[in-house]
Peer 1: 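Please find one structure pasted underneath; my questions will follow.
The sequence lines fix the lettering, A, B, ..., with proteins before strands; numbering per chain opens at 1. Remember, it's a predicted structure, so these values are computed and weren't measured experimentally.
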Number of protein chains: 2
Amino acid sequence: MLSKKTQYALKALEYLVAHYNQGPVLISEIAEKKHIPLKFLENILLELRHHDILDSKKGKGGGYMLRTEPEKTSLANVIRIVEGPIAMLPCVSLYFYQPCESCDQTQCRIHDLFIEARDAILNVLENKTLADLRQTALV
Amino acid sequence: MLSKKTQYALKALEYLVAHYNQGPVLISEIAEKKHIPLKFLENILLELRHHDILDSKKGKGGGYMLRTEPEKTSLANVIRIVEGPIAMLPCVSLYFYQPCESCDQTQCRIHDLFIEARDAILNVLENKTLADLRQTALV
DNA sequence: GGAGAATTCCATTTGCAAGTGGTAATTACC
DNA sequence: GGTAATTACCACTTGCAAATGGAATTCTCC
Ligand code: SF4
Ligand code: SF4
């Protein structure tokens, strides 16, 4: 399971995508509409800003907005920033690789199985972007 | 990422598969060979026994063993017991479904995306069993 | 039936994610 | 320049997973 933090991040981004190019959005507005604890959401959005996913503006009329077009940011990218590894095991992670002590990879079947699982997940998450979070128009 | 607990469980099961039909295996032996904290491993193996994955024998000559043939137990099954949900979101879990408050699934794109991710993962984990953890013979 | 070997069970500590609170810094507007 | 609105930052609390400690139970073997 993704951490709560990541789930909140995704929801917030969904909201920001829906309001893309409509000016800054208040943290409090996102928090209320998406039922996210306000102060926790502050931390999350700030982290996304530091990683250039979001941009912000202080003071009256300020708020948060996407930094680039939604198509430019993959879900995998977002999850790696907020959650960390996407792989289910440390030793099959592409960006956070870490073997367990005294690893003999040639004798470890677990490794191979979770490489498969990782590739299956990445095949989905690398190919979806924030644009895929945009809500379809009402009929 | 899978929790440490689940990672330990998988490693322990790998060891038990390798010694399938060779009589009971000591917890302490598994802990030492697989570098797992002894007391923590106790809890994990006990939980697996309560869920009929493992069997145990007390006293001298006792220990843990698989309850059935390795082919009978899928990795998905093991993970659900030790870790809980396999899906990345509560609302796309088959066995642990839980929506967030005020869910409007028709308007939520996140949901659909993670259904895809879930199916990709399950396609791997449901079709692998403990038998796939058996080490290939040395050449 | 007693001694030793092993699992089982329960209670506690530790460490980190989740969540909260308060203050500083920045900006817009009059 | 003063005031209100907003993000930014820092420090703390809470809750749960991870890990540990110790005593109870069951079994084997002599
Ligand atoms: S022993 Fe197996 S699971 Fe551990 S790091 Fe090596 S390959 Fe990965
Ligand atoms: S709002 Fe979306 S993410 Fe939340 S429970 Fe409903 S479908 Fe799932």
Side-chain angles (χ1 to χ4, degrees), chain A residues 1-12 15-16 19 23-32 34-67 79 81-85 88 90 96 100-101, chain B residues 1-12 15-16 19 23-32 34-67 79 81-85 88 90 96 100-101:
Chain A
M1 284 266 269
L2 294 174
S3 65
K4 287 273 193 165
K5 190 179 171 190
T6 306
Q7 297 178 34
Y8 292 154
L10 291 169
K11 285 183 166 194
Y15 193 84
L16 285 171
H19 295 74
V25 180
L26 294 185
I27 301 179
S28 54
E29 179 184 342
I30 304 174
E32 188 185 349
K34 291 295 185 179
H35 304 92
I36 304 173
L38 175 64
K39 297 291 291 183
F40 198 14
L41 181 57
E42 275 185 30
N43 300 333
I44 296 167
L45 296 182
L46 190 59
E47 193 170 355
L48 288 172
R49 190 185 78 91
H50 285 152
H51 285 83
D52 294 334
I53 306 293
L54 297 181
D55 205 350
S56 68
K57 203 157 167 283
K58 282 188 181 177
K60 196 167 190 175
Y64 271 93
M65 61 217 103
L66 294 182
R67 180 180 290 273
I79 294 177
I81 289 172
V82 182
E83 176 88 11
M88 298 176 97
F96 300 84
C100 34
E101 39 180 335
Chain B
M1 285 265 271
L2 294 174
S3 65
K4 287 273 192 164
K5 190 178 171 189
T6 306
Q7 296 178 34
Y8 292 154
L10 291 169
K11 284 183 167 193
Y15 192 85
L16 285 171
H19 294 76
V25 180
L26 295 184
I27 300 178
S28 54
E29 180 184 341
I30 304 174
E32 189 185 349
K34 291 293 185 178
H35 302 92
I36 304 173
L38 176 63
K39 296 292 290 183
F40 198 13
L41 181 57
E42 277 185 29
N43 300 334
I44 295 167
L45 295 182
L46 190 59
E47 192 170 357
L48 288 172
R49 191 186 79 92
H50 284 152
H51 285 85
D52 294 332
I53 305 293
L54 297 181
D55 206 349
S56 68
K57 202 156 169 284
K58 283 187 180 179
K60 196 166 190 174
Y64 271 94
M65 62 217 104
L66 293 182
R67 180 180 290 271
I79 294 177
I81 289 171
V82 182
E83 177 87 11
M88 297 175 99
F96 300 84
C100 33
E101 39 181 334

Peer 1: With a 4.0 angstrom cut-off to heavy atoms of chain A, pull out the first and last contacting nucleotide of DNA chain D, in 5'-to-3' order.
Peer 2: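 The protein-touched segment is D/dA5 to D/dC9.
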Peer 1: Sequence neighbours left out, what passes side chain to side chain contact (heavy atoms under 4.5 Å, CB included) with A/S56? Give chain and number order.
Peer 2: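 So A/S56 forms a side chain to side chain contact (heavy atoms under 4.5 Å, CB included) with A/R49, A/Y64.
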Peer 1: Just how far, in rounded Å, is P of C/dT7 from CD of B/E47?
Peer 2: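 Between P of C/dT7 and CD of B/E47: 17 Å.
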Peer 1: If you look at every strand shown and take non-hydrogen atoms under 4.0 Å, does A/L26 touch a base, only sugar-phosphate, or nothing?
Peer 2: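 If one applies the 4.0 Å heavy-atom cut-off, A/L26 turns out to touch the sugar-phosphate alone, with no base involved.
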Peer 1: Looking only at heavy atoms, which two atoms of B/K11 and B/K34 are closest? And how far apart?
Peer 2: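 That closest heavy-atom pairing would be O-CE, 3.6 Å.
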Peer 1: Mind calculating the distance between CG (B/L48) and P (C/dT7) to the nearest angstrom?
Peer 2: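 Those two atoms, CG and P, are 14 Å apart.
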Peer 1: Taking only residues two or more places apart in sequence or in another chain, which ones pass side chain to side chain contact (heavy atoms under 4.5 Å, CB included) with B/E83?
Peer 2: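 Partners of B/E83 under the side chain to side chain contact (heavy atoms under 4.5 Å, CB included) test: B/L2, B/S3, B/T6, B/I79.
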Peer 1: Rounding to a whole Å, what distance do you find between A/H35:NE2 and C/dG19:P?
Peer 2: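 In whole Å, C/dG19 P and A/H35 NE2 are 15 Å from each other.
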Peer 1: Return whichever of A/K5 or B/S28 has its heavy-atom-nearest nucleotide of DNA chain C closer to the 5' end.
Peer 2: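 The answer here is B/S28.
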Peer 1: CZ of B/R49 versus C1' of C/dT7: gap in Å, rounded?
Peer 2: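 Roughly 9 Å, once rounded to whole Å.
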Peer 1: Could you check A/L2 against A/K60 and say which one's nearest nucleotide on DNA chain C is further toward the 5' end?
Peer 2: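 Nearer the 5' end of the strand: A/L2.
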Peer 1: Identify whether any heavy atom of A/I27 sits under 4.0 Å from a base atom; if not, whether one sits that close to sugar-phosphate; answer base, sugar-phosphate or nothing.
Peer 2: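 Touches sugar-phosphate only.
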